[in-house]
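Below: the structure, in C-alpha cells.
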Amino acid sequence: MRVDVFTIFPDAFTGPLTESIIQRAQDEGKIRIELHDIRSWARDRHRSVDDYPYGGGAGMVMMAPPIVEAVEEVVGRDSESASVIIPSPSGELFTQSMARELAQSARLVFICGRYEGIDARVTELLHGREVSIGDYVMTGGDLAAAVMIDVIARLIPGVIDEESLADESHTSGLLEYPQYTRPHTFRDLSVPDMLLSGHHARIAEWRREQSLERTLSRRPELLEQAELTETDRRWLANHAASDQEAESCRIDRAKRAELPHDASDVEE
Ligand code: SAH
C-alpha cells in the first residue's frame, strides 16, 4: 500500500510512524508512507498556506490552491484512483470496519488541516472523504491521520499475525475480554482460576461471556451491530433481565426509604 500525507508539520509524524510495527511494515515494503510539506506548494515568498475566513469569525483557514496543486502533482489529476481522506471533527466517524475497507485500497492520501480547518472546496475538488476519529477537537489533523494509518496498516496482510486480529476488540463488534499475564498474584489480586484450568473450550466460553458483559456495561450500543450467536443472545437476555430486576429492586428500596416510617398510619 502507498500512503501520501500532506501536512504543514511533517515532523509530527516522527514517532507515530517510525517506531515498532509500523516501521517494520515499511522496512518490509508492506506499506510505503511519503510525507509532503504543503508549504512547498505555497504561491508567495512567505510560503503562506492560510488566510482569513470569508464571512468573518475567529482564526485562519487553510487555502485550497496549495493543497489541491500538491495532491495533483504527487498523486496525479485523477485522484479518484486513490482514497482521499481529510481528517475533520465534522466528518463521518472512523471505525474498525472503515479501516478494514480502506486497508483494501492500493493508495491512500491524507490531507491534514490546522487552524480552523481547510477551505471546503478541497474536499469537493479532490473527491475527499472527511473523517473524524472521535467527538472532540484536536489542534491539527496530523495526529488523527497517524491514528488512522496505524489502524489501517496493522490490517494489511502480514503486518501482524492473523490470530491477533481474530478476537480483539471491535472485530466481531464486541469489546475484548480482560487479559492477564504473570505474575499469578500481584497485590492480593490473583488471575481468575478459569484461565489456569487448561480447559480450552471452557476458557473460550468464559472469555466470550466476559466480552459480552464488558460490552453490555461499557458500550451497550455496540450490541445492536455485533455478530451474536444464539448462546450469546440467551446470555444477554438473562443478564439484561437480572440487571432490570436489580434496578427495580433498587428503585423499590429507594421509594420505601422516602415513605414515612409507618406507612399504614398515613393511609388510615
Ligand atoms: N473549526 C473546526 C475545527 C478545526 S480543528 C471545527 O469546528 O470543526 C483543526 C484541524 O484538526 C482540522 O482541520 C482537522 O484536520 C483536525 N481535527 C481536529 N479534531 C479532529 C477529529 N476529531 N478528527 C479528525 N481530525 C480532527
Side-chain angles (χ1 to χ4, degrees), residues 1-18 22 31 33-43 46-75 79 82-103 105 107-155 169-170 218-219 221-222:
M1 174 187 283
R2 161 96 187 241
V3 180
D4 291 284
V5 181
F6 294 84
T7 171
I8 54 170
F9 294 112
D11 289 345
F13 291 85
T14 318
L17 302 182
T18 55
I22 305 300
I31 183 168
I33 304 170
E34 299 282 341
L35 302 172
H36 310 280
D37 187 345
I38 296 168
R39 283 193 198 281
S40 308
W41 283 268
R43 290 172 159 187
H46 301 293
R47 309 221 300 157
S48 329
V49 290
D50 57 329
D51 209 332
Y52 295 99
Y54 271 113
M60 303 295 276
V61 175
M62 287 182 69
M63 297 187 286
I67 298 175
V68 172
E69 286 163 16
V71 174
E72 283 180 348
E73 188 179 322
V74 173
V75 185
S79 61
S83 304
V84 178
I85 312 295
I86 304 179
S88 161
S90 50
E92 55 183 306
L93 201 59
F94 185 64
T95 59
Q96 191 70 18
S97 69
M98 190 193 291
R100 273 196 291 270
E101 179 199 323
L102 293 171
S105 313
R107 190 158 194 183
L108 296 179
V109 171
F110 287 88
I111 300 170
C112 308
R114 281 272 161 174
Y115 318 119
E116 286 304 317
I118 301 176
D119 187 309
R121 288 168 292 184
V122 169
T123 306
E124 216 174 306
L125 289 167
L126 298 175
H127 309 285
R129 184 169 180 185
E130 293 187 17
V131 180
S132 163
I133 63 161
D135 293 337
Y136 39 75
V137 180
M138 292 184 291
T139 56
D142 311 279
L143 287 179
V147 165
M148 290 188 255
I149 295 168
D150 184 280
V151 177
I152 294 163
R154 68 195 284 288
L155 297 173
S169 296
H170 302 294
R218 297 180 183 178
R219 302 285 307 279
E221 79 283 5
L222 293 178

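Read the numbers this way: they start at 1 and go in the same order the structure lists the ligands and their atoms. Worth knowing before you read on, the calculation uses all heavy atoms, side chains too, and leaves out hydrogens, waters and symmetry mates.
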Heavy-atom proximity to atom 2 (C) of ligand 1 ranks first, among E116, M62, E130, M138, for E116
Calculate, to the nearest 0.5 Å, the distance between atoms CZ and CH2 belonging to R47 and W41 respectively.
10.5 Å
Starting from [atom], locate the nearest protein heavy atom and write down its residue, its atom name and how far away it is, to 0.1 Å.
atom: atom 9 (C) of ligand 1; answer: Y115 O, 3.2 Å
atom: atom 23 (N) of ligand 1; answer: I133 N, 3.1 Å
atom: atom 24 (C) of ligand 1; answer: S88 N, 3.4 Å
atom: atom 13 (O) of ligand 1; answer: G117 CA, 3.4 Å
atom: atom 8 (O) of ligand 1; answer: P89 CG, 3.4 Å
atom: atom 22 (N) of ligand 1; answer: Y136 O, 2.8 Å
atom: atom 15 (O) of ligand 1; answer: P87 O, 3.0 Å

Salt-bridge test for [X] and [Y]: reply yes if a basic N is under 4.0 Å from a carboxylate O, no otherwise.
X: D37; Y: R39; value: no
X: R114; Y: D142; value: yes
X: R107; Y: E34; value: no

Whether V131 lies under 4.0 Å from ligand 1, heavy atom
yes
Numbered atoms of ligand 1 (with element) below 4.0 Å of [X], judged on heavy atoms:
X: A144; result: 24 (C), 25 (N)
X: G113; result: 10 (C), 13 (O), 15 (O)
X: S132; result: 22 (N), 23 (N), 24 (C)

Any side-chain heavy-atom pair from L102 and I85 closer than 4.5 angstrom?
yes
With a 4.5 Å cut-off on side-chain heavy atoms, are V5 and F13 touching?
yes
With a sphere of 6.0 Å drawn around CZ of R121, does it hold more than 12 non-hydrogen atoms of other residues, nucleotides or ligands?
no
Exercise: identify the closest heavy-atom pair between R100 and L155:
N-CD1, 3.7 Å
